[in-house]
Amino acid sequence: MTDTDNDTKPDPDTEPAATGTTEVDVDPDTGAKPGEVAPGIPADPATPAANAVVEAAAEGANEALGTLDPTDDGGRPIVEAGAGAGNWVPEGAFGDHGGSTTGLSNVKMGMWLFLASECLLFGGLISTYMLYRGRHTSNLGPDQIYDIPFTSVSSFVLLMSSLTMVLAVSAAHRKDERNARLWLVITAVLGATFVGGQVYEFTSFYREGLGYTTSLFSSSFYTLTGFHGVHVTLGIVMLLSTVFMLRGGRITEGKKAESIEIVGLYWHFVDIVWIIIFTLVYLIPA
Amino acid sequence: MTDVTATAPADDHTDASGHGHGHGHEGDGFSAEEPGAHHGPSDIRLIQIAVVLAVVTGVEVLISYVDIGPLFIPGLLGLMVFKFFVVVLYFMHLKFDNPIFRNLFWMGLFLAPLVFCGALATFHFFSP
């Protein structure tokens, strides 16, 4: 007889090993009969020997990965022995990050790696500028064309966009999606203001006669600041895309805060690059 | 023997996003923790940090107009490094994040100046 009484329905969160072995004749959700394993759920070994094998494998994995401690307090083994009953690793056992063996988000790890490589990119561009900043015509050098007050305001705007970005991340962690979206939009507006200022600056420099090929100084300057501007522009695209995806529900509930945090990492990175450019390029004279 | 448990790492102190005692979001984005439970800097503290950064930027600009002699370049570089690390540690939460992320970033960050100082040296950039 089929028993569809909800009181007898096993709770998949608390009784994973009991699936298919309860008093229910036919599982109302999966249709599995007694003795059968529900579709999509690996069989429960349910034998001491099988459990011992799983435990031994997990212990070996923990020893092998012992040097990669993903915790700050170092307390937890990376592999949790096949999640106890030895039947399957429950959803979220690796933090919902696609089976990351470090227990960390692969996406976040990838972003940090990307930012580390970006350090090398901007390091190269800044070095090139430092090398060639003195190679200019007599009347079109850094001291003649830079407008420090204007660039200082641009720097302030970008710095404040970092504040609004981190407030967006903070709101996201509080599950305050409305404010998170608001801060993201404000961040994008501040970023667009910065890019607009850069376009204005480039235009005024060009009108003064400083073209891209005018001198080695101009080439290295436009390349460095232009690359940074492109990064800011891409950041704005990422911010607005995130806002639209949040509004459209295209980011799953469990990924929202992390998605905003990843975009935030990129945004803060372009800010710290500008902190260096502002000092080395604009404030320290050639 | 290995501790056998069905508890997901999401219940641990370190979440899967890598925050040791950072935000407390459990790697699942908007977690089930109470709203407002936030182990990183509070919003007020973040605003205070931003005000400090703005003031430091103002000091940088001021220094560029005032003659402070031989302290000019070291002073500007010092303020630049201060701003850089404040943003990285607090706004990027690296201070509260997992050591693996920290090491990844420091690796790229410290490798870059070493490589490019070497490159500049080949062009006699540091020669008088």
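Here is how names work: the chains are called A, B, and so on, in the same order as the sequence lines, proteins then strands, and each is numbered from 1.
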For B:Met92, does its backbone N or O pair with a side-chain atom of A:His268 as donor and acceptor, under 3.5 Å?
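Not at all, since once roles are kept as given, no pair shorter than 3.5 Å links the two residues.
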
How close do [X] and [Y] get, heavy atom to heavy atom, and via which atoms?
X	Y	value
A:Pro149	B:Tyr65	CD-OH, 3.2 Å
B:Ser64	A:Ile148	OG-CG2, 4.4 Å
B:Phe105	A:Cys119	CE1-SG, 3.9 Å
A:Met160	B:Ala50	CE-O, 3.8 Å

Go through the steps to decide whether A:Ile272 and B:Phe91 satisfy the test side-chain contact (heavy atoms from CB on, under 4.5 Å), and finish with yes or no.
CA-CA 10 Å; A:Ile272 60 175; B:Phe91 283 3; over 6 Å; no

Part of B:Ile63 within contact of chain A (heavy atom distance under 4.5 Å)
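Looking at B:Ile63, nothing touches chain A.
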
Tell me, for B:Phe85 versus chain A, whether the close heavy atoms (under 4.5 Å) come from the side chain, the backbone, both or neither.
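For B:Phe85, no heavy atom lies under 4.5 Å from chain A.
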
Contact residues of residues 112-121 of chain B (partner chain A; heavy-atom separation under 4.5 angstrom)
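The stretch touches chain A at B:Ala112, B:Phe116, B:Leu120.
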
Residues 74-84 of chain B: residues contacting chain A (heavy atom under 4.5 Å, by number):
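Expected list: B:Leu76, B:Leu77, B:Met80, B:Lys83, B:Phe84.
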
Any side-chain heavy atom of A:Trp112 within less than 4.5 Å of one from B:Leu94?
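Counting from C-beta outward, A:Trp112 and B:Leu94 do come under 4.5 Å.
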
If we only count heavy atoms from C-beta on, is the B:His93 to A:Leu265 side-chain gap below 4.5 Å?
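No; the side chains remain at least 4.5 Å from each other.
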
Starting from the C-alpha separation in whole Å, work towards a yes-or-no answer on side-chain contact (heavy atoms from CB on, under 4.5 Å) for A:Lys108 and B:Asn98.
CA-CA 11 Å; A:Lys108 193 171 174 182; B:Asn98 191 282; over 6 Å; no

Quick one: which of B:Thr57, B:Ile49, B:Val61 has the most heavy-atom pairs under 4.5 Å with chain A, could you say?
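With the most close heavy-atom pairs to chain A, the winner is B:Val61.
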
Give a yes or no on whether [X] atom [atom1] has more than 12 heavy-atom contacts from other residues, nucleotides or ligands under 6.0 Å away.
X	atom1	value
A:Trp183	CH2	no
A:Phe122	CZ	yes
B:Phe123	CZ	no
B:Phe72	CZ	yes

Under 4.5 Å from any heavy atom of chain B, what part of A:Phe269 do you find: side chain, backbone, both or neither?
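Contact with chain B: backbone and side chain both.
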
Please classify the contact between A:Ser162 and chain B as side chain, backbone, both or neither, with a heavy-atom cut-off of under 4.5 Å.
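Both parts, backbone and side chain.
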
Quick test of your reading: applying salt bridge (Lys or Arg N to Asp or Glu O under 4.0 Å), list the pairs with at least one residue in residues 262-282 of chain A, sequence neighbours left out, ordered by first then second residue.
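Residue pairs with at least one partner in residues 262-282 of chain A: there are none.
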
Would you mind telling me which of A:Leu115, A:Thr128, A:Ile276, A:Leu280 has the largest number of heavy-atom pairs within less than 4.5 Å of chain B?
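Max contact count across the listed options: A:Ile276.
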
Distance from A:Ser117 atom OG to B:Leu104 atom CG, nearest 0.5 Å?
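Answer rounded to 0.5 Å: 11.0 Å.
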
Could you pull out all residues at least two apart from A:Thr164 that satisfy side chain to side chain donor-acceptor pair (under 3.5 Å)?
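Only A:Thr187 meet the side chain to side chain donor-acceptor pair (under 3.5 Å) criterion with A:Thr164.
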
